[in-house]
Peer 1: 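The structure's right below; bear with me while I get my questions together.
Start at 1 and go down the list; that is how both ligands and their atoms are numbered.
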Amino acid sequence: MFLNGKVAIVTGASRGIGKAIALAMAGAQADIVVNYAGRADAAEETAAAIRQLGRRAMVYQADVSDTSQVQGMVDATLAEFGKVDILVNNAGITRDNLILRMKEEDWDTVLQVNLKSAFNSIKAVSRSMVKARYGRIINVSSVVGLHGNAGQANYAAAKAGLIGLTKSMAKELGPRNITVNAVAPGFIMTDMTEQLSAEAREKMTASIALNRLGKPEDVASLVAFLASDFCGYITGQVIAVDGGIVM
Ligand code: NAP
């Protein structure tokens, strides 16, 4: 019940970690805006599961890299629910390649969807959060943003950029009682990590202290906690949820 009456926008909530975050927050009694890019069927499934938990859900298609679409989503949320208490910037993509083979387009797209998206949505929600003198913003970064990864220059740069954005926003919005934190998941079992070969998976597991890949719910419970009033004095932090890779 610790998010009772709160309204949350979760980007990329149709699948994977975003879906688990939406359900964890709905389970704590928040109403949820389920953002997605293309998979309407999956987004409707998330919304149905939220309604099963007795909470309101609004499904909203918006490409998070598009400033006006994100503004439209925030306007629609304010019209439907009257406020935005929580913003979770979760939507993300990968376009992996070694730098010599990485296309400029893949650099640009990954930076836009993983980093510019957070600028778009923070800018769009901040006016109403500042007015309300309340807000919780959580950015989903990655351990790759902390320690880098060969073959993921674009993704690592975007995720490291999210950490700089998190700390700057924490300083800028802190005086208005808005906290801004980041979570840095390790290897979590979702569609994003499904393409990994058995060999790569084995190698990764060996680098994890808890000796297993993570589940979306492992990340979701931390995000829901950070969104709650238990965490009103925590801001500007980057918390790894990685089974003990970065320590
Ligand atoms: P996923 O299963 O591939 O799901 C991605 C989600 O993002 C989907 O809901 C997708 O919507 C949405 N999305 C993609 N592009 C979008 C866009 N332009 N606008 C709006 N929504 C968009 O990914 P995941 O593994 O759950 O990852 C979620 C977040 O965690 C990402 O930021 C990722 O970088 C981060 N992360 C993941 C891992 C991991 O191991 N999985 C580790 C560290 C960090 P559609 O369903 O409509 O396509």
Peer 1: Which one holds for A40 and ligand 1: side chain close, backbone close, both close, or neither close, with close meaning a heavy atom under 4.0 Å?
Peer 2: neither

Peer 1: Test of understanding: given a 4.0 Å heavy-atom threshold, classify the contact between T190 and ligand 1 as side chain, backbone, both, or neither.
Peer 2: side chain

Peer 1: Do you see a donor-acceptor pair shorter than 3.5 Å between the side chains of Q69 and D63?
Peer 2: no

Peer 1: Is there a donor-acceptor pair closer than 3.5 Å between any side-chain N or O of N4 and the backbone N or O of A28?
Peer 2: no

Peer 1: Which of the numbered atoms in ligand 1 are below 4.0 angstrom from a heavy atom of N35?
Peer 2: 20 (C), 21 (N)

Peer 1: For atom 29 (C) of ligand 1, grab the closest protein heavy atom and report residue, atom and distance to one decimal in Å.
Peer 2: N90 O, 3.0 Å

Peer 1: For ligand 1, is any non-hydrogen atom under 4.0 Å from A43's backbone (N, CA, C, O), its side chain (CB onward), both, or neither?
Peer 2: neither

Peer 1: Can you list the atoms of ligand 1 that are under 4.0 Å from a heavy atom of F187?
Peer 2: 40 (O)

Peer 1: Please report the closest heavy-atom contact between V144 and A156, naming both atoms and the distance.
Peer 2: CG1-CB, 3.5 Å

Peer 1: Only heavy atoms count here, so choose which of K19, Q112, R39, R15 is nearest to atom 1 (P) of ligand 1.
Peer 2: R15

Peer 1: We want to know whether N89 and T11 form a side-chain donor-acceptor pair, criterion being a heavy-atom distance below 3.5 angstrom.
Peer 2: no

Peer 1: If you count the non-hydrogen atoms of other residues, nucleotides and ligands that lie under 6.0 Å from CZ in F119, is the total more than 12?
Peer 2: no

Peer 1: S14 versus ligand 1: do any nitrogen or oxygen atoms come within less than 3.5 Å of each other?
Peer 2: yes

Peer 1: Checking R136 side chain against V180 main chain: does a donor-acceptor pair fall under 3.5 Å?
Peer 2: no

Peer 1: To which protein heavy atom is atom 33 (C) of ligand 1 closest, and what is the distance rounded to 0.1 Å?
Peer 2: Y155 OH, 3.4 Å

Peer 1: Could you tell me whether a side-chain N or O of S228 sits under 3.5 Å from a main-chain N or O of F225, the two making a donor and an acceptor?
Peer 2: yes

Peer 1: Using a 4.0 Å cutoff against the non-hydrogen atoms of T193, which atoms of ligand 1 qualify?
Peer 2: 39 (C), 40 (O), 41 (N)

Peer 1: What pair of heavy atoms forms the shortest contact from G27 to L53, and how long is it?
Peer 2: N-CD1, 3.9 Å

Peer 1: Would the distance check show the side chain of N97 and the main-chain N or O of Q152 forming a donor-acceptor pair, the cut-off being under 3.5 Å?
Peer 2: no

Peer 1: Going by the atom numbers of ligand 1, which of them fall below 4.0 Å from some non-hydrogen atom of D191?
Peer 2: 2 (O)

Peer 1: Are any side-chain N or O atoms of D31 and backbone N or O atoms of R55, one a donor and one an acceptor, separated by less than 3.5 Å?
Peer 2: no

Peer 1: How does I17 reach ligand 1, if at all, at less than 4.0 Å between non-hydrogen atoms: by side chain, backbone, both, or neither?
Peer 2: both

Peer 1: Measuring from L196:CG to M204:CE, what's the distance to the nearest 0.5 Å?
Peer 2: 4.5 Å

Peer 1: Relative to ligand 1, is T11 under 4.0 angstrom through side chain, backbone, both or neither, heavy atoms considered?
Peer 2: neither

Peer 1: Within a radius of less than 6.0 Å around CD of E202, do more than 12 heavy atoms belonging to other residues, nucleotides or ligands occur?
Peer 2: no

Peer 1: Could you tell me which atoms of ligand 1, counted from 1 in the order shown, lie closer than 4.0 angstrom to a heavy atom of V140?
Peer 2: 29 (C), 30 (O), 35 (C)

Peer 1: Quick one: nearest non-hydrogen protein atom to atom 43 (C) of ligand 1, plus distance?
Peer 2: P185 O, 3.4 Å

Peer 1: Does V64 reach ligand 1 with a nitrogen or oxygen that is under 3.5 Å from one of the ligand's nitrogen or oxygen atoms?
Peer 2: yes

Peer 1: Would you say the side-chain atoms of Y134 and D229 include a donor-acceptor pair closer than 3.5 Å?
Peer 2: yes

Peer 1: Determine whether any heavy atom of A62 lies closer than 4.0 Å to an atom of ligand 1.
Peer 2: yes

Peer 1: Note the single closest protein heavy atom to atom 5 (C) of ligand 1, along with its residue, its atom name and the distance in Å.
Peer 2: G92 O, 3.9 Å

Peer 1: Looking only at protein heavy atoms, which one is nearest to atom 42 (C) of ligand 1, and how far off is it?
Peer 2: G186 O, 2.9 Å

Peer 1: Identify the protein heavy atom lying closest to atom 16 (C) of ligand 1, giving its residue, its atom name and the separation to 0.1 Å.
Peer 2: A37 CB, 3.5 Å

Peer 1: Tell me: protein heavy atom nearest atom 44 (C) of ligand 1, and distance?
Peer 2: S141 O, 3.2 Å

Peer 1: Hey, which atoms in ligand 1 end up nearer than 4.0 Å to a heavy atom of D63?
Peer 2: 17 (C), 18 (N), 19 (N)

Peer 1: Could you tell me which atoms of ligand 1, counted from 1 in the order shown, lie closer than 4.0 angstrom to a heavy atom of G16?
Peer 2: 2 (O), 26 (O)

Peer 1: Could you state the interatomic distance from CZ (F187) to CZ (R201), rounded to the nearest 0.5 Å?
Peer 2: 11.0 Å

Peer 1: Taking side chain to side chain contact (heavy atoms under 4.5 Å, CB included) as the criterion, tell me which of T67, L115, D66 meets it with N120.
Peer 2: T67

Peer 1: If only side-chain N and O atoms count, and only distance matters, is there a donor-acceptor pair under 3.5 Å linking D75 with Q71?
Peer 2: yes

Peer 1: Can you tell me which portion of I93 lies within the under-4.0 Å heavy-atom range of ligand 1? Options are side chain, backbone, both, or neither.
Peer 2: side chain

Peer 1: Should you measure from each heavy atom of V113, which atoms of ligand 1 turn up under 4.0 Å away?
Peer 2: 15 (N), 18 (N)

Peer 1: Using a 3.5 Å cut-off on N or O atoms only, is G38 in polar contact with ligand 1?
Peer 2: yes

Peer 1: Give me the nearest non-hydrogen protein atom to atom 12 (C) of ligand 1 as residue plus atom name, then the distance to 0.1 Å.
Peer 2: G12 CA, 3.5 Å

Peer 1: Would I188 count as being in polar contact with ligand 1, using the rule that some N or O on each side must be under 3.5 angstrom apart?
Peer 2: yes

